[in-house]
Amino acid sequence: MAAPTTSVLADIVAGARADLAERERALPLAELKAQLPSARETIDPRPTFRADGVAVIAEVKRASPSRGTLAHIPDPAVLAERYEAGGAAAISVLTEGRRFSGSLADLVAVRRSVDIPVLRKDFIVTAYQLVEARLNGADLALLIVAALDDCELVGLIERARSLDLVPLVEAHTADEVRRAVDAGADVIGINNRDLKTLEVDPSTFHRLAPLIPDGIVRIAESGVRGPHDVIEFARAGADVVLVGEALVTGEDPRAGVADLVAAGAHPALQHPRNP
Ligand SMILES: O=C(O)c1ccccc1NCC(=O)[C@H](O)[C@H](O)COP(=O)(O)O
């Protein structure tokens, strides 16, 4: 049984499950799996995430429950190319349709346009969605601890890896960080946004990052508005920042990413793990 969820997250997960049921009716899991390629074709983002400096994951985000419509993105491939030109380490693509106006078609378009890893950012609660992620070009898949019980979390981490996907396991509380670590995650995102209330509090990352053992990639998600935030998250131990709204609403996505990458690469920023 799934862990109890409330409010916004519960609504989004319920919507995702309804859409999923429709897709599964049209194409059952066994038939979807039959389309999987035999050879490994994904790109492992972890070496880049662990390299010096703070890596930037730039997000294709059209809309959100907290902000409504954010940006008109006629061609996500063009946006992703600009992010890559600015130095992004990976692209996050929101594929949820009801609240974020995303789609698997966006994922496919982005995959075709860039050579860097691509994250399927969605509300993944079944293996079916992981197979879809793999088939549509993702290298990473988001797993939100608050939407899963321990058994589901461990099972989906294992299933993701068996599909050559890197699971990005997202937490928002100390208990969720502990559950992510116990489940064997090696890439953990701390979302500064509470998915039950939608409030963003950057101190969340500062508070929870020390609970993530060394060797696990630490990603600060949500609430990065500019270079200053990258520096603050780097000082708190971030290897990576994941940025959506500030980039899609900014004037120039390439320059926006480049400014964040430059802030994260500043020589004065010594990583607390490698002083
Ligand atoms: O963005 C939302 O309003 C939201 C609401 C409910 C669940 C998830 C939500 N966003 C997904 C994300 O985590 C962000 O898109 C991502 O971290 C980037 O955040 P930001 O840079 O603040 O746009």
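The basis for the numbers below is simple: all heavy atoms, side chains too, and nothing from hydrogens, waters or symmetry mates. In each ligand, atom 1 is the first atom listed, and ligand 1 is the first ligand listed. From a predicted model like this one, the values you see are computed outputs, not experimental measurements.
Side chains of S203 and D201: a donor-acceptor N/O pair is present below 3.5 angstrom, by distance only. Looking only at atom types and distance, the side chain of N191 has a donor-acceptor partner in the side chain of S222 under 3.5 Å away.
The only option from L79, V110, D115 that meets the side-chain contact (heavy atoms from CB on, under 4.5 Å) definition with E84 turns out to be D115.
Near ligand 1, residues I12, E59, K61, S64, P65, S66, F100, K121, F123, N191, R193, L195, L198, E221, S222, G223, R225, L242, V243, G244, E245 each place a heavy atom inside the 4.0 Å sphere around the ligand atoms.
For D186, the salt bridge (Lys or Arg N to Asp or Glu O under 4.0 Å) partners are R46, R161, not counting sequence neighbours. F233 is linked by a ring-ring contact (aromatic ring centres under 6.0 Å, His included) to F205, H206, counting only residues two or more places apart in sequence or in another chain.
Sorted by first and then second residue, the salt bridge (charged side-chain N to carboxylate O under 4.0 Å, His left out) pairs involving residues 20-33 (not counting sequence neighbours) are R23-E132.
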